[in-house]
There are 2 protein chains.
Amino acid sequence: MNEHQKLFKPIKNERTFEKVSRRIKRLIFDGVLKPGDRLPSETELAHQFDVSRQTIREGLRILELSGFITIQKGGSGGPLIQTTILNTINNLFLDAFQLEKVTTEELTLARFEIERVVMDYVIDRADDSDIQRLRENVQRARMKIENNLVAVDENIEFHNLLAEASKNHVFVMVVGSIAAVVRDHTSRLTANLEGPDNTGAYSESVLKSKNAVDIHEKIVEAIEAKDRKKAKQLMESHLQEVGHRLESLKD
Amino acid sequence: MNEHQKLFKPIKNERTFEKVSRRIKRLIFDGVLKPGDRLPSETELAHQFDVSRQTIREGLRILELSGFITIQKGGSGGPLIQTTILNTINNLFLDAFQLEKVTTEELTLARFEIERVVMDYVIDRADDSDIQRLRENVQRARMKIENNLVAVDENIEFHNLLAEASKNHVFVMVVGSIAAVVRDHTSRLTANLEGPDNTGAYSESVLKSKNAVDIHEKIVEAIEAKDRKKAKQLMESHLQEVGHRLESLKD
DNA sequence: TCACATTTGTCCGTATGTATC
DNA sequence: AGATACATACGGACAAATGTG
């Protein structure tokens, strides 16, 4: 009985700024507004929607936080339609992980299992352009390491590129979200190493970074050779090693 | 070169309302503010932070959309600490799916692979309370079906409960997000069936729903018996069937 | 280089609707 | 039912930032 009353509950209690954001979002979904397009200024939008500027602002705030637009100040600035909202999801995942107190073990385990599966599809579906992107990534990482810099971003990006090569958007999102958390954990944990005696610790981080890049390169070769067994095996031991490193950094 | 200039860029261009939301978010992370606690009213917050109400409002808007607070109108209302962040993530996933034009095939495939892995852990880690929750879920679903209702929510919840039984928060989030999208797809696609001749189509949906519950029950039994092979096999065929149904509904 | 126009960021004051006591 | 407390929304104003000529 009470289940029935729950149907047909909210039909008009939507706040004005929510209507604003929903209308604009709809235009983006329908392709009327495309990435790179600029929305009218807040004052202009206020006129067109016939609401106050404050209401427009709160609506834009929603779209901004959801990743649909960015906002630039100054002349010829204003709200700009973005190409993707995936980064936003990663940020929310970060918050959620912190809130739910997710442990490093859980993170490593899930990453291991999921990326293992993804690799199976990468072997079957990766094309030349995927492999080229992976190679370029490895090369960029090597450049950094030769300059004695850690290649954190590049090494994280490698896993995202792998997910893209699986040709499944869901994998891209999941791997990307997990990678964002791993990246956050890593940078947070290695930050402690930058003490007075940072040269020693620093070069050790670079060394670990180099190890990762070496394995990444081997993985790319295995993918190109369509050597499923080797690729998966490399990937698994690589992920386990990264996991162990994260664990050891915790102390 | 230009890579170096990108370092050390933003240090003080954070907007005031972002500072507000960040300060409050920090208090939540640190446990000072716990779910159920109430924040001061907008006017009071404006006084304490020494900023205008508009600025407070935009800060609260961020927290609301991020899933950290809900806002109640009326007397003794105001901002309430309530973590709905998982719902927020699910909503963003929905947006992302629409924006990135994710196909049903991709969704079904990823779901199949991930929940297959999750089941492996469920077998090892599910305890009595997990199994009891699963049983209760099946029972609730049966109740609905006996009243000739589709048990969409219950059947989606079953998969979330499974993820929880794996004792890994990452799996919970990932499965939950995917389930939310599946739920959206299902309800959107079955909505087309509610035409003038809805009685026939409706009872067919109930029938499909009943099939799902039957398999769910068998899965619970297999988990309780720790029959890994059977549980995984049931799960796999179940997910494939659901996937096929989603596909067939598209036309 | 410098002034200018545009746009966001922030503030104040006020009015209205709504939920609670 | 009335008073109270709160979010919601409006209008006007100025400051700060940013691109343009």
Side-chain angles (χ1 to χ4, degrees), chain A residues 5-6 9-25 33 35-82, chain B residues 2 5-6 8-25 33 35-82 84 88:
Chain A
Q5 291 179 344
K6 260 198 170 180
K9 201 64 174 293
I11 198 171
K12 211 183 176 305
N13 57 352
E14 195 180 29
R15 293 169 288 188
T16 314
F17 61 83
E18 286 174 326
K19 294 182 187 173
V20 169
S21 68
R22 207 159 48 86
R23 289 270 285 273
I24 297 178
K25 198 192 287 187
L33 292 173
D37 288 353
R38 284 204 311 121
L39 262 64
S41 72
E42 293 176 356
T43 348
E44 176 62 22
L45 285 172
H47 270 95
Q48 294 192 19
F49 279 110
D50 194 29
V51 296
S52 77
R53 212 188 121 206
Q54 156 150 358
T55 306
I56 294 292
R57 278 184 67 80
E58 296 191 31
L60 292 181
R61 202 59 58 225
I62 292 181
L63 294 174
E64 184 187 31
L65 197 72
S66 302
F68 288 99
I69 65 172
T70 58
I71 295 176
Q72 295 166 345
K73 285 201 328 189
S76 78
L80 192 71
I81 310 286
Q82 294 302 113
Chain B
N2 44 11
Q5 289 179 345
K6 258 197 169 180
F8 303 118
K9 201 60 176 296
I11 198 170
K12 208 184 177 305
N13 57 350
E14 193 180 31
R15 293 169 287 187
T16 312
F17 62 83
E18 286 174 326
K19 292 182 188 174
V20 170
S21 68
R22 206 158 50 85
R23 289 269 286 271
I24 298 178
K25 198 193 285 187
L33 292 173
D37 289 351
R38 286 244 311 266
L39 260 62
S41 71
E42 293 180 354
T43 342
E44 178 60 24
L45 285 172
H47 270 94
Q48 293 191 18
F49 280 110
D50 194 30
V51 296
S52 78
R53 280 209 322 284
Q54 160 113 0
T55 304
I56 295 291
R57 278 183 69 78
E58 296 192 31
L60 293 180
R61 201 60 59 223
I62 291 181
L63 293 174
E64 185 188 26
L65 196 76
S66 302
F68 289 100
I69 66 172
T70 59
I71 294 177
Q72 296 167 347
K73 292 194 296 192
S76 81
L80 184 71
I81 308 286
Q82 201 175 7
T84 61
T88 307

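In what follows, chains are A, B, ... by sequence order, proteins preceding strands, each numbered from 1.
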Q: Considering just the side-chain nitrogens and oxygens of A:T16, establish if one lies under 4.0 Å of OP1 or OP2 belonging to D:dT8.
A: no

Q) A:I69 versus A:L80: any side-chain heavy-atom pair under 4.5 Å? A) no

**Q.** Residue whose closest nucleotide on DNA chain C lies nearer the 5' end, A:L39 versus B:D50
**A.** A:L39

Q | Residues B:R61 and A:E58 bridged, charged N to O under 4.0 Å | A | yes

Q: For A:P35, check side chain to side chain contact (heavy atoms under 4.5 Å, CB included) against everything at least two apart and list the hits.
A: A:T83

Q.
With rounding to the nearest 0.5 angstrom, report the CD to CZ distance, B:Q48 to B:R23.
A. 10.5 Å

Q) What pairs meet the side chain to side chain donor-acceptor pair (under 3.5 Å) rule with one or both residues in residues 69-79 of chain B, with sequence neighbours excluded? A) B:T70-B:Q82

Q. Which pairs with one or both residues in residues 35-54 of chain B pass ring pair (Phe, Tyr, Trp, His ring centres under 6.0 Å), sequence neighbours excluded?
A. none

Q: Using atom CZ of B:R15 as one end and atom P of D:dA17 as the other, report the distance to the nearest whole Å.
A: 14 Å

**Q.** Pairing residues for B:E42 by the salt bridge (Lys or Arg N to Asp or Glu O under 4.0 Å) criterion, not counting sequence neighbours
**A.** B:R57

**Q.** Euclidean distance, atom CZ of residue A:R38 to atom P of D:dT18 [Å, nearest integer]
**A.** 15 Å

Q) With sequence neighbours excluded, what pairs up with B:L65 under the side chain to side chain contact (heavy atoms under 4.5 Å, CB included) test? A) A:I62, A:L65, A:S66

Q: Report the residues that fulfil salt bridge (Lys or Arg N to Asp or Glu O under 4.0 Å) with B:R15, sequence neighbours left out, ordered by chain and then residue number.
A: A:E64, B:E18

N/O-N/O pairs, protein side and nucleotides 11-16 of chain D side, under 3.5 Å:
residue, atom, partner, partner atom, Å
D:dA13, N6, A:R53, NH1, 3.3

Q: Report which part of the nucleic acid B:P79 touches: base, sugar-phosphate, or nothing (heavy-atom distance under 4.0 Å, all strands).
A: sugar-phosphate

Q) Is the count of non-hydrogen atoms from other residues, nucleotides or ligands lying under 6.0 Å from B:R38 atom CZ greater than 12? A) yes

Q: Estimate the overall bend of the helix from C:dC2-D:dG21 to C:dC21-D:dG2 from the end axes over five pairs each, rounded to 10 degrees.
A: 10°

Q. First and last nucleotide of DNA chain C touching chain A, 5' to 3', heavy-atom cut-off 4.0 Å?
A. C:dT6 to C:dT10

Q | Strand contacts (DNA chain D) in residues 58-72 of chain B, 4.0 angstrom heavy-atom criterion | A | B:R61, B:I71, B:Q72

Q) Tell me: CZ of A:F49 to C1' of D:dA9, nearest whole Å? A) 16 Å

Q) By ring-ring contact (aromatic ring centres under 6.0 Å, His included), which residues pair with B:F17, not counting sequence neighbours? A) none

Q.
If the condition is side chain to side chain contact (heavy atoms under 4.5 Å, CB included), which residues does A:T16 pass it with, not counting sequence neighbours?
A. A:V51, A:T55

Q: Remember a base hit wins even if backbone is also touched, and classify B:E42 as base, sugar-phosphate or nothing at under 4.0 Å, heavy atoms.
A: base

Q: Locate the shortest heavy-atom distance separating A:P40 from A:P79; write the atom from each residue and the value.
A: O-CD, 3.7 Å

